[in-house]
Amino acid sequence: MKSEPNVFSFEDLLKAPKKTTHWEGVRNYQARNLMRDQFKLGDLVLFYHSNAEPTGIFGVCEVVKEAYPDSSAWDSKNKYFDSDSKKKGINPWVMVDIKAVSRFSIPVLRDTLKDSSALKEMLVLKKGSRLSVQPVTESEFQHILQLGKPIAIK
DNA sequence: GCCAACGTTGGC
DNA sequence: GCCAACGTTGGC
């Protein structure tokens, strides 16, 4: 999952109550479908900082609540407010809850991903790959864990 | 700050 | 249904 650290960083998640957050504001159908259909309780998620210096993966989270309606879509004060969907009376957007489980003692930076032959096919490295939620293969995930040397969060 | 890639919108 | 115009994302 991608986040701009100046909006919400991995550090912010560590500081959040129960180190857990609602992943609100996804307004792209492909990303929504991934959260709705693929995210299962206990699944692990890599936390990626985009549009930042540096960009890369900073830790691992766990899905602690599967997809449910994203209430921010109907909250006119929220920056992710979707007035059209509220007018129609159908909220198409979902969120999941994720909890930080480990932080990388060595952040796996974008340059590192590019340098690793096992990882250079990762979706996030493809040109124009803007999806804020992206699938990661098991082998990619394991390689990244090795590189990041995760420290469990108590 | 630039701009390529992508998704969405809306005129036709 | 096509596609040009537009807004957004995000690496660089």
Side-chain angles (χ1 to χ4, degrees), chain A residues 1-16 20-39 43-63 66-100 102-137 139-150:
Chain A
M1 288 178 127
K2 295 199 265 188
S3 183
E4 302 194 18
N6 62 342
V7 177
F8 189 82
S9 69
F10 190 67
E11 287 300 312
D12 292 333
L13 179 60
L14 294 180
K15 281 182 257 169
T20 299
T21 194
H22 318 295
W23 202 262
E24 65 177 28
V26 171
R27 297 291 178 267
N28 169 285
Y29 287 105
Q30 225 179 318
R32 178 208 65 180
N33 291 349
L34 282 165
M35 289 199 298
R36 187 191 58 191
D37 304 334
Q38 307 287 331
F39 277 55
D43 280 355
L44 297 178
V45 174
L46 299 170
F47 196 111
Y48 179 93
H49 285 181
S50 64
N51 214 354
E53 185 52 49
T55 55
I57 301 161
F58 285 74
V60 181
C61 308
E62 176 185 4
V63 176
E66 294 182 4
Y68 60 104
D70 180 351
S71 52
S72 73
W74 284 12
D75 174 4
S76 60
K77 292 185 189 65
N78 193 285
K79 67 171 170 171
Y80 302 114
F81 179 49
D82 176 10
S83 58
D84 285 351
S85 82
K86 189 164 189 181
K87 271 179 238 153
K88 286 183 192 141
I90 297 167
N91 182 356
W93 306 115
V94 301
M95 54 188 176
V96 296
D97 289 2
I98 59 164
K99 175 180 187 175
S102 64
R103 83 179 169 78
F104 284 167
S105 51
I106 309 168
V108 182
L109 303 185
R110 188 175 178 87
D111 285 341
T112 310
L113 298 175
K114 284 194 283 197
D115 286 342
S116 162
S117 58
L119 300 172
K120 63 181 184 219
E121 290 303 308
M122 277 189 77
L123 222 51
V124 76
L125 297 180
K126 307 268 187 205
K127 205 172 174 187
S129 177
R130 306 186 314 177
L131 263 194
S132 62
V133 180
Q134 303 187 353
V136 175
T137 69
S139 118
E140 287 164 350
F141 190 87
Q142 293 305 330
H143 273 95
I144 289 162
L145 279 193
Q146 279 186 20
L147 292 169
K149 310 238 182 294

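Lettering of chains follows the sequences in order, A, B, ..., and the numbering in each one begins at 1.
- Inter-axis angle, ends of the helix from B:dG1-C:dC12 to B:dC12-C:dG1, five pairs per end, rounded to 10 degrees: 10°.
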Tell me, with the steps shown, if A:Met1 and A:Tyr48 meet side-chain contact (heavy atoms from CB on, under 4.5 Å).
CA-CA 6 Å; A:Met1 288 178 127; A:Tyr48 179 93; over 6 Å; no
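- Between A:Ser129 and A:Asp84, the one whose closest nucleotide on DNA chain B sits nearer the 5' end is A:Ser129.
- Ring centroids of A:Trp93 and A:Tyr68 are separated by 6.0 Å or more, keeping the two rings apart.
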Could you list the donor-acceptor pairs under 3.5 angstrom formed by side chains in residues 3-10 of chain A, with sequence neighbours left out?
unit_1	atom_1	unit_2	atom_2	d
A:Ser3	OG	A:Phe8	O	2.5
A:Ser9	OG	A:Glu11	N	3.3
A:Ser9	OG	A:Asp12	N	3.0
A:Ser9	OG	A:Asp12	OD2	3.3

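- Atoms CG and CZ, from A:Leu13 and A:Phe47 in turn, are 6.0 Å apart once rounded to the nearest 0.5 Å.
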Between the protein and nucleotides 4-9 of chain C, list every N/O to N/O distance that falls short of 3.5 Å.
unit_1	atom_1	unit_2	atom_2	d
C:dT8	O2	A:Arg130	NH1	2.4

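- A:Leu123 places its CG atom 15 Å from the C1' atom of C:dG10, with the value rounded to the nearest Å.
- Heavy-atom contacts from other residues, nucleotides or ligands closer than 6.0 Å to CD of A:Gln30 number 12 or fewer.
- Looking at heavy-atom distances under 4.0 Å, A:Lys126 makes no contact with the nucleic acid at all.
- Between the side chain of A:Arg36 and the backbone N or O of A:Val94 there is no donor-acceptor pair closer than 3.5 Å.
- Side chains of A:Ser85 and A:Arg27: no donor on one and acceptor on the other come within 3.5 Å.
- Listed here is the closest heavy atom pair of A:Ser129 and A:Val124: OG-CA, 4.0 Å.
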